[in-house]
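The first residue of the sequence shown is numbered 1, and numbering continues consecutively from there.
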Amino acid sequence: MKKKAGPVGIAVILILLVAVTGVAWKVVDRYIPSREVMDPAVYFGVTGEGDAAIVMPDHVVQNKALVKDGTAYIEYETVKDSLNDHFYCDEQENQMILTTATDIIKIPYDSAAYTTLTGNGTMPYQIVLLQESELYIALDFIQQYTNLEYTIIEEPLRIILNNQWGTKTYADVKKEENVRTEGGIKSPVLTKVTPGDKVTVLEQTEEWMKVLTADGYIGYVRKKALNDTYEQETTHDFDEIVYTSIHKDYDINLIWHQISSQESNQALEMDIQDVTGVNVISPTWFSISTNDGDITSLASEGYVALAHEKGMEVWGLLDNFSADIDTVTVLGNTASREKLEDRLITEAVNCQMDGINIDIEALKEEASESYVQFMREMSVKCRNNSLVLSVDVPPPYDFNAHYNRAALGEVVDYVIVMGYDEHYVGSDPGSVASLSFERDGITGTLQEVPKDKIISGIPFYTRLWKTSPSGEVSSEAIGMNTADEKLAEYQVEAGWSQDTSQEYAEFTDGEGNFCQIWLENEASIEEKMKLVKEYDLAGAAAWKLGFERASIWAVISDYLD
């Protein structure tokens, strides 16, 4: 006789049914697409009236644009980072400065321009907009100097902007499909695409494609909803700004000439009597003397005339070596920066110089943007006066990336890599310029600057290092002949160092100091000149006249055309 299921049994059965149903539902639910729709305003980050997102070709920039009275404005930092870094904000003068290859355009914050509206003639718009302490630039104005096109779409406000041209990958939609925030059916829906729509393909996986839709959504679509991808060339009519350069049809062989007084100028003929092959001499004539942009000048017309007679161009050097000078202040203030530029140009023109060499050292990171602006403005003024503009930069490392060699290389005629002071006053003893240090400086700079603009800076000096019995380290810079005299004095013979590609010697002097020296001579200079040839650079520059011996010039000339 069968027993009826009691309450406990029924409960167990019900629990089992619920469990099975739950498991089944979980299995089924995995394959049911989410219907959650993301709020477009949240997606685009639009929070207030007039706020607009910027849809770039591969990402969305939130809260960095405005639309006011029908005119689109882009936040200044976004313009600098993503569209055109030749804009410079001068907060002290309440103006924006745009530097092109030939012009320095100043735009007061309250300035207006005019745009053509079909059927309505012209209508003014403000170029620079200051709103809630944030600076915005009119996109119509930016577009005049930048290769881009854009469309404004409302609800929510967004600016679809394209500044990337060339071959792109596209796909046509073959069936209606949701575009989702991530590559999975459980991620929220952004929008829909329908048959006939065309999407830009950004990434592809096995089942999903990351796409940009025509109305500015960047999300994921299942591959099966799209036809096969295809490539298409995208172009835009725009006259790109061309930065012309003065480029010599011969290799540069430059020597820096340290000038400390007008009397030093008078010694030029004697100083260069054994020099051969040099085609540029760079006297250290100019120094920034005040934070208002004044300079001291030792420029001499007679010096230039004699150098020209000897077949040398003259590129006067400007430095910032005075301890009283705050480079951040000098370059960051437009009035002082322009004063500095105009004084240099006036001196160069009056003395009939051929170029200007800028040697701004120990540059602080906060001065970086103003430094680049200074070089851009100098390039316009030098270009308009047929003056060669060169700049001296240290070998590139993470800690000095703010020199922005790529920006410098765009506007100057030559970038000189100062391949020395690997070891310096205050450091541990070591080579002033080992071959690997030279090579690293060249190859690092080549990543940002064209080879035909790079000049390799080499030292004619070495350092005699002394470590006292108490462990105190000191050094002095000495020339080639003086170094040889030291070795002869202590009857020491140097040996070749494979690590540095220099001759090395060590000895104990009469005071008990342990002395070390890594020599610069014909052998080490030849190794450095081989790099100039190997990387097909624009030439070599040496610091400084007087530290060399006459035989060095033949070594250098052998590697220059």
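- Thr290 and Asp292 share no side-chain donor-acceptor pair at under 3.5 Å.
- Between Asn253 and Tyr559, the side chains place no donor N or O within less than 3.5 Å of an acceptor N or O (distance only, hydrogens not considered).
- Residues passing the side chain to side chain contact (heavy atoms under 4.5 Å, CB included) test with Asp197 are Val173, Val193, Thr194, sequence neighbours excluded.
- Sorted by first and then second residue, the salt bridge (charged side-chain N to carboxylate O under 4.0 Å, His left out) pairs involving residues 437-459 (not counting sequence neighbours) are Arg439-Glu534, Lys451-Asp536.
- Classification of Glu207 and Arg222 as a salt-bridged pair fails, no side-chain N sitting under 4.0 Å from a carboxylate O.
- Within the 3.5 Å criterion, the main-chain N or O of Ala433 finds no donor-acceptor partner in the side chain of His423.
- Pairs passing the ring-ring contact (aromatic ring centres under 6.0 Å, His included) check and including a residue from residues 59-97, sequence neighbours excluded, read His86-Tyr243.
- Checking Asp110 against Gln126 by side-chain atom types alone, no donor-acceptor pair falls below 3.5 Å.
- Ring pair Tyr145/Phe141 is tilted by interplanar angle, where 30° to 60° counts as tilted.
- The list of ring-ring contact (aromatic ring centres under 6.0 Å, His included) pairs with a residue in residues 213-234, not counting sequence neighbours, reads Tyr43-Tyr217, Phe44-Tyr217.
- Aromatic ring centres of Trp315 and Tyr414 lie closer together than 6.0 Å.
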Take Lys533 and Asp251, measure what salt bridge (Lys or Arg N to Asp or Glu O under 4.0 Å) needs, and give me the verdict at the end.
CA-CA 10 Å; Lys533 202 74 173 178; Asp251 290 340; 5.2 Å; no
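- Between Val189 and Glu36 there is no side-chain heavy-atom pair separated by less than 4.5 Å.
- Leu135 places none of its side-chain heavy atoms less than 4.5 Å from the side chain of Glu75.
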Check against side chain to side chain contact (heavy atoms under 4.5 Å, CB included), Gln204 and Lys223
CA-CA 9 Å; Gln204 298 187 55; Lys223 264 188 173 181; 3.8 Å; yes
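- The minimum heavy-atom distance between Val46 and Ala53, with the atom names listed, is CG2-N, 4.1 Å.
- In terms of the side-chain hydrogen bond (donor to acceptor under 3.5 Å, both in side chains) criterion, residue partners of Lys80 (sequence neighbours excluded) are, by chain and number, Glu369.
- In terms of the side-chain hydrogen bond (donor to acceptor under 3.5 Å, both in side chains) criterion, Thr443 has no residue partners (sequence neighbours excluded).
- Using a cutoff of 4.0 Å between basic side-chain nitrogens and carboxylate oxygens, Lys168 and Glu233 are not scored as salt-bridged.
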